[in-house]
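Remarks on the structure that follows.
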Amino acid sequence: MKHEPEKYVAAIVAAAGGRIVSRIRMQKIAYLLDQLGMGSEFEYTYHHYGPYSRDLDNAILDAEAFDLVEEKFQHRVTDGAKYSVFESSKPFEENIFGSSIPKGKDLIKDFSKTNVTVLELAATAHWLLEIEKVSNWQVEIKNRKGSKTESGRLEEAIELLKKINLKPSISISA
Amino acid sequence: MSKRLRDPVHGLIVFDDTVQIDMLAWQLIDTPEFQRLRRIRQLGVSEFTFPSAVHTRFAHSIGVFHNARILVDVIKREMARNKQIFEPALAEVALIAALLHDVGHGPFSHTFETVQSSRDVKKSHEKWTSEIISNPDGFIKPLLENYTAGFCEKVAAIFEKDDPEDIYHAVVSSSFDADRLDYLRRDKLMTGTGAGAIDFDWLIDNIRVAEIEMDAPDEAPTVSRKVATFCLTAKALPAAEQFLLARYTLHQQVYFHKATRCAEHMIGKLLRAISKHVCAKNIEKVTGLKKSNPLICFFSKDGGTVFNYLALDDSLIIGSLEQMSKADDKTIADLSCRMLNRKLYKTFDLAEVGVDNGKQRANKRRIEQLFLKKIEEEVVMLDDKASIGIYSEIGGDDAKMHTKLHILDGATPVEISKLSDLIRALENKKPFTRFYFENTEDRDKARINMRG
């Protein structure tokens with residue numbers, strides 16, 4: 001790892017304009033960036049929202065403890081379900097992404113505005129093909145994610161991966 | 001003829017010979033895949049902390065089936081209340097899935113998953129469960145297919161889905177699923193802990209079925225998918241709080257007990273040490289295990305098969321400790337002796353520095369730097385993977401929406417923290433961070449270097 005783990009968290013939040021909504025979004029952004037060469041050395045396993053890193057969870061705790069990032073909570077109006085909002089506690093200027101992800105900051109800005117289920121599906125599709133080596137990932141992702149893959153979300157996820165040159169990079173029809 | 005089992009949690013569990021699904025369940029219990037669960041402890045190495053916690057996944061799984069039948073009756077009741085149609089075929093899938101839900105557990109359960117992960121085998125116990133059920137060479141699939149064509153695929157599919165698709169699936173995965181309703185009571189009873197009591201009868205009487213939002217909450221408004229699941233009436237709010245607190249305190253006082261976590265880490269280290277030697281020429285001398293030992297077979301190249309996996313259980317490993325204590329590999333020999341005689345590594349819990357998160361994280365960083373090489377060699381082990389919140393899962397991600405407890409606010413199901421100050425106070429995850437030291441001197445050195 002080139003940098004302390006909390007710096008990856010601080011850098012991601014800063015690149016998103018100082019604010020990222022949802023822990024799930026944070027997890028998927030970190031996963032996709034690591035696949036592009038961010039180099040955090042976070043270890044990922046598969047959980048119900050796709051690739052997940054407990055190391056990243058710990059890094060978030062460190063980022064809060066060392067006053068780089070603050071985690072606040074909001075609640076969905078309809079059912080009161082809680083979600084996290086991460087905000088930069090102070091400016092973060094260090095160049096974490098360097099030459100490995102030349103447009104890292106732009107990517108993060110885009111990801112931060114992407115529907116969280118689309119990010120989940122993108123990360124999951126990549127995980128299934130590249131990590132679990134499931135050749136028939138299209139069947140497997142529909143098995144696992146069920147109705148989440150409907151309404152064009154899976155197609156949008158695959159297009160996102162294609163745009164950032166991550167596999168699977170084929171277009172699929174609805 | 002009906003079959004009966006006695007159980008310390010549920011009393012008499014009857015398999016009625018006039019009920020086809022009960023008879024199928026009885027046949028499945030008799031399969032080698034299910035009988036293997038007698039040799040896998042529900043709480044792994046918790047007996048090092050709670051001597052009576054030796055109950056098995058076998059007893060637990062039968063208890064889960066019993067609970068599943070109760071929940072299916074709840075669905076029938078609520079479908080009638082809501083003037084909806086009850087579907088017996090879907091209920092039967094859920095019942096059998098409940099019975100078989102743990103057949104895919106490896107020895108020492110979650111510890112074995114981390115060992116697999118360290119060898120780049122990314123297969124969860126749910127995936128193993130699905131594969132074992134669907135195994136054409138196994139004993140389970142023929143029984144299921146004989147019951148109804150296509151039944152096996154439907155049962156296996158339950159374990160492949162990340163989210164439930166209907167109320168019947170909620171029997172197996174929800175805030176009140178059959179699994180939780182058994183292990184909370186069983187683990188409390190068998191450990192002897194005072195924590196973890198729930199008001200089971202009152203909860204069951206107050207379960208309702210309603211549709212909840214399935215998508216994870218986000219700031220941007222979206223049209224969320226909905227799925228029917230179990231909710232509770234408002235008058236069951238105190239019982240619901242008690243239920244969540246029971247789970248919370250069991251995690252805090254039993255599952256995450258430092259002696260238990262220490263023993264789990266030691267078993268993990270032992271298994272990893274064994275796996276490194278699978279290609280050794282004199283494997284028996286190095287590890288104490290014959291080449292034909294199921295552990296060696298499983299860790300060998302291309303050995304990760306269902307056949308080899310089913311040969312692994314707690315008894316195999318515990319029974320091999322004596323031989324492994326004589327291994328040439330010092331790590332294997334030392335850890336095996338320690339596990340035989342309960343000589344655990346020495347624990348340093350970061351809670352000793354105080355509750356302040358900043359102090360804890362700073363001291364964690366300091367100790368990591370101080371023992372960098374020893375952590376790489378696993379002479380010192382860092383345990384920072386446990387954290388507890390009201391929806392704690394071991395090794396978990398954000399809780400799934402359908403596992404969050406919903407209370408009916410009027411006719412609208414809302415997440416319990418909207419109505420309960422008590423639950424809202426416990427939403428945030430609290431980390432448990434410990435270091436396990438091979439020797440007392442290093443543990444004391446860590447303590448001396450603490451900064452308050």
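Residue numbers start from 1 in every chain, and the chains themselves are labelled A, B, ... in the order their sequence lines are given, proteins ahead of strands. Heavy-atom basis, side chains included; hydrogens, waters and symmetry copies ignored. Please read these numbers as outputs of a predicted model, since none were measured by experiment.
Residue contact with chain A, scored on non-hydrogen atoms closer than 4.5 Å, is absent for B/Ala157. At a 4.5 Å heavy-atom cutoff, A/Glu71 makes no contact with chain B through either its backbone or its side chain. If you measure heavy-atom distances from A/Ser84 to chain B, you find no contacts under 4.5 Å at all. Of the two parts of A/Phe73, only the side chain, counted from C-beta on, holds a non-hydrogen atom closer than 4.5 Å to a non-hydrogen atom of chain B. Of the two parts of A/Lys148, the backbone and the side chain both hold a non-hydrogen atom closer than 4.5 Å to a non-hydrogen atom of chain B.
No more than 12 heavy atoms of other residues, nucleotides or ligands lie within 6.0 Å of CD in B/Glu153, so this atom counts as exposed by the packing criterion. The environment of B/Lys123 atom NZ is dense: over 12 non-hydrogen atoms of other residues, nucleotides or ligands sit within 6.0 angstrom.
Using a 4.0 Å cut-off between charged side-chain N and carboxylate O, A/Arg25 and B/Asp218 make a salt bridge. Of the charged side-chain nitrogens involved, at least one lies within less than 4.0 Å of a carboxylate oxygen, so that B/Lys127 and A/Glu140 count as a salt-bridged pair. No salt bridge links A/Lys82 with B/Glu415; every basic N to acidic carboxylate O contact stays at or beyond 4.0 Å. Note on B/Asp163 versus A/Lys145: no salt bridge recorded, every NZ/NE/NH1/NH2 to OD/OE distance being 4.0 Å or above. Salt-bridge formation is detected for the pair B/Lys429/A/Asp57: a Lys NZ or Arg NE/NH1/NH2 atom is positioned less than 4.0 Å from an Asp or Glu carboxylate oxygen. The pair B/Lys385-A/Asp55 meets the salt-bridge criterion, with a side-chain N (NZ, NE, NH1 or NH2) lying under 4.0 Å from an Asp/Glu carboxylate O.
Closest approach of A/Tyr49 to B/Ala216, counting heavy atoms only: OH-CB, 3.8 Å.
Using a 4.5 Å heavy-atom cutoff, the side chains of B/Lys161 and A/Arg144 are not in contact. For the pair A/Asp79/B/Pro413, no side-chain contact is recorded, criterion being any heavy-atom separation below 4.5 Å from C-beta on. Counting only heavy atoms from C-beta outward, the side chains of A/Tyr46 and B/Asp162 approach each other to under 4.5 Å. For the pair B/Lys418 and A/His75, the minimum side-chain heavy-atom distance is 4.5 Å or more. Looking at A/Ser147 and B/Glu165, their side chains come closer than 4.5 Å, going by heavy atoms from C-beta outward. Here the side chains of B/Arg365 and A/Asp62 are in contact, with some heavy-atom distance below 4.5 Å.
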Under the side chain to side chain contact (heavy atoms under 4.5 Å, CB included) criterion, do A/Glu43 and B/Ser117 qualify, and how do the steps go?
CA-CA 10 Å; A/Glu43 206 179 290; B/Ser117 184; 3.9 Å; yes

What verdict does the side-chain hydrogen bond (donor to acceptor under 3.5 Å, both in side chains) test give for A/Ser151 and B/Arg225, after you've listed the backbone C-alpha separation in whole Å, the side-chain angles of each residue and the deciding distance to 0.1 Å?
CA-CA 11 Å; A/Ser151 306; B/Arg225 299 171 305 140; over 6 Å; no

Run the numbers on B/Arg361 and A/Asn58 for side chain to side chain contact (heavy atoms under 4.5 Å, CB included), then give the verdict.
CA-CA 9 Å; B/Arg361 304 311 284 184; A/Asn58 276 319; 3.3 Å; yes

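Of the listed residues B/Ser417, B/Gly358, B/Pro217, the one with more heavy-atom pairs under 4.5 angstrom with chain A than any other is B/Pro217. Heavy-atom pairs under 4.5 Å with chain A were tallied for B/Val227, B/Ile212, B/Asp384; the largest tally goes to B/Asp384.
The NE2 atom of A/His47 lies 9.0 Å from the OG atom of B/Ser124; values are rounded to the nearest 0.5 Å. Rounding to the nearest 0.5 Å places CG of A/Leu61 at 8.0 Å from NZ of B/Lys364.
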